[in-house]
Amino acid sequence: MTTQTDIPPAETGGERRSWLREHSELGVCVLLLALGVLVLTDALTMDVDIAQRGPVGPKTVPIVVGAGLLVIAALLALDVLRGGRGQAETGEDVDLSEPADWRTVLLLAGVFLGAAVLIEPLGFPIAGALLFWGAAFALGSRRLDRDPLIAAGLSLVTYTVFNNLLGVPLPGGPLMGVL
């Protein structure tokens, strides 16, 4: 005959939430796992022309990166389940009692999305200049005499390096004939 003390108590929602809170780093493991699977799936389904292949084909790096993400996810999950915890932020310039600066985050997100939308019709030199200038503005720079010039120069140098030196074609937009 079993008594009430012999039956283990049912796991409650509070206990489960407490366990998940103590092992919150597993969320990073899931993210790394999903990213690794996505990279590997994309790499393995990549259509490669036989003439483009050399000793190291275009699938090599994505496969190595995807496998590395899976290994890191597994090792991190093992560490977390064994009791490992991430180190708390100890930077001297970080005040954890202050709320997040959502205005800056949203401005940066808007600048990145705007650049992504504008890169095709305006080309990289113009969209990149807007991206660099918008990021500087969102991060607090208000030098309207200097920032646009630096952004334009940085964008043109980036375009030239990628397009001409590295052979990565970037959309030139209306400046295609000039550059």
Side-chain angles (χ1 to χ4, degrees), residues 27-28 30-70 72-73 76 86-179:
V28 175
V30 171
L31 181 66
L32 290 172
L33 177 73
L35 192 59
V37 167
L38 177 69
V39 168
L40 279 176
T41 303
D42 199 30
L44 293 174
T45 59
M46 185 185 303
D47 187 27
V48 178
D49 186 17
I50 201 73
Q52 294 177 343
R53 290 184 48 201
V56 177
K59 289 184 176 185
T60 305
V61 172
I63 288 174
V64 169
V65 169
L69 285 168
L70 294 179
I72 289 171
L76 181 60
Q87 185 176 5
E89 179 64 52
T90 59
E92 60 188 48
D93 61 343
V94 176
D95 187 3
L96 296 178
S97 64
E98 289 292 319
D101 184 8
W102 288 107
R103 179 182 178 275
T104 301
V105 171
L106 292 175
L107 278 172
L108 281 172
V111 166
F112 285 126
L113 289 174
V117 169
L118 294 175
I119 196 167
E120 194 60 42
L122 296 181
F124 183 83
I126 296 173
L130 292 173
L131 169 70
F132 295 137
W133 182 51
F137 183 84
L139 293 172
S141 179
R142 299 296 185 261
R143 296 286 309 263
L144 298 178
D145 58 333
R146 176 187 68 183
D147 292 345
L149 295 174
I150 293 173
L154 187 59
S155 180
L156 287 173
V157 167
T158 305
Y159 177 79
T160 303
V161 166
F162 275 86
N163 199 53
N164 299 342
L165 298 178
L166 297 176
V168 177
L170 296 174
L175 297 177
M176 186 63 109
V178 177
L179 301 175

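Predicted model, so just to flag it, every value in this text is computed and none were measured.
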Problem - Nearest-0.5 Å distance that lies between atom CG in Asn163 and atom CZ in Phe124 - result: 10.0 Å
Handout entry: Atom of Pro125, atom of Ser155 and distance for their closest heavy-atom approach
Key = O-OG, 2.7 Å
Fill in the blank from the handout: To the nearest 0.5 Å, atom OH of Tyr159 lies from atom CD1 of Ile126 at 11.0 Å
Handout entry: Check: Trp133 main-chain N/O paired with Asp147 side-chain donor or acceptor under 3.5 Å
Key = no
Problem - Candidate pair Leu35 and Leu31, rule side-chain contact (heavy atoms from CB on, under 4.5 Å), full reasoning - result: CA-CA 6 Å; Leu35 192 59; Leu31 181 66; 5.6 Å; no
Exercise for the section: Please indicate whether Arg142 has more than 12 foreign heavy atoms, meaning atoms of other residues, nucleotides or ligands, lying under 6.0 Å from its CZ. Expected result: yes
Handout entry: Presence of salt bridge, Asp145 and Arg143, under 4.0 angstrom
Key = yes
Practice task
Give the C-alpha distance, both sets of side-chain angles, the deciding distance and a yes or no for side-chain contact (heavy atoms from CB on, under 4.5 Å) between Leu139 and Leu107.
Solution key: CA-CA 9 Å; Leu139 293 172; Leu107 278 172; over 6 Å; no
Exercise for the section: Quick one: closest heavy-atom pair of Ala138 and Thr104, and the distance? Expected result: O-CG2, 3.4 Å
Fill in the blank from the handout: Minimal heavy-atom distance between Thr41 and Val37, with the atoms involved, is OG1-O, 2.7 Å
Exercise for the section: Walk me through it: do Thr158 and Phe132 pass the test side-chain contact (heavy atoms from CB on, under 4.5 Å)? Expected result: CA-CA 11 Å; Thr158 305; Phe132 295 137; 4.3 Å; yes
Problem - From Lys59 atom NZ to Leu40 atom CG, the distance as rounded to the nearest 0.5 Å - result: 11.5 Å
Practice task
Measure from the side-chain N and O atoms of Thr160 to the backbone N and O of Leu156, and report whether any donor-acceptor pair falls under 3.5 Å.
Solution key: yes
Practice task
Taking all heavy atoms of Ala73 and all of Leu33, pick out the closest pair and write down the distance.
Solution key: CB-N, 3.8 Å
Fill in the blank from the handout: Smallest heavy-atom separation, Ala129 atom then Ala152 atom, equals CB-CA, 3.9 Å
Exercise for the section: Find the distance between CG (Leu154) and CG (Leu149) and round it off to the nearest 0.5 Å. Expected result: 12.5 Å
Problem - Smallest separation among heavy atoms of Val28 and Leu76, with atom names - result: CG1-CD2, 3.9 Å
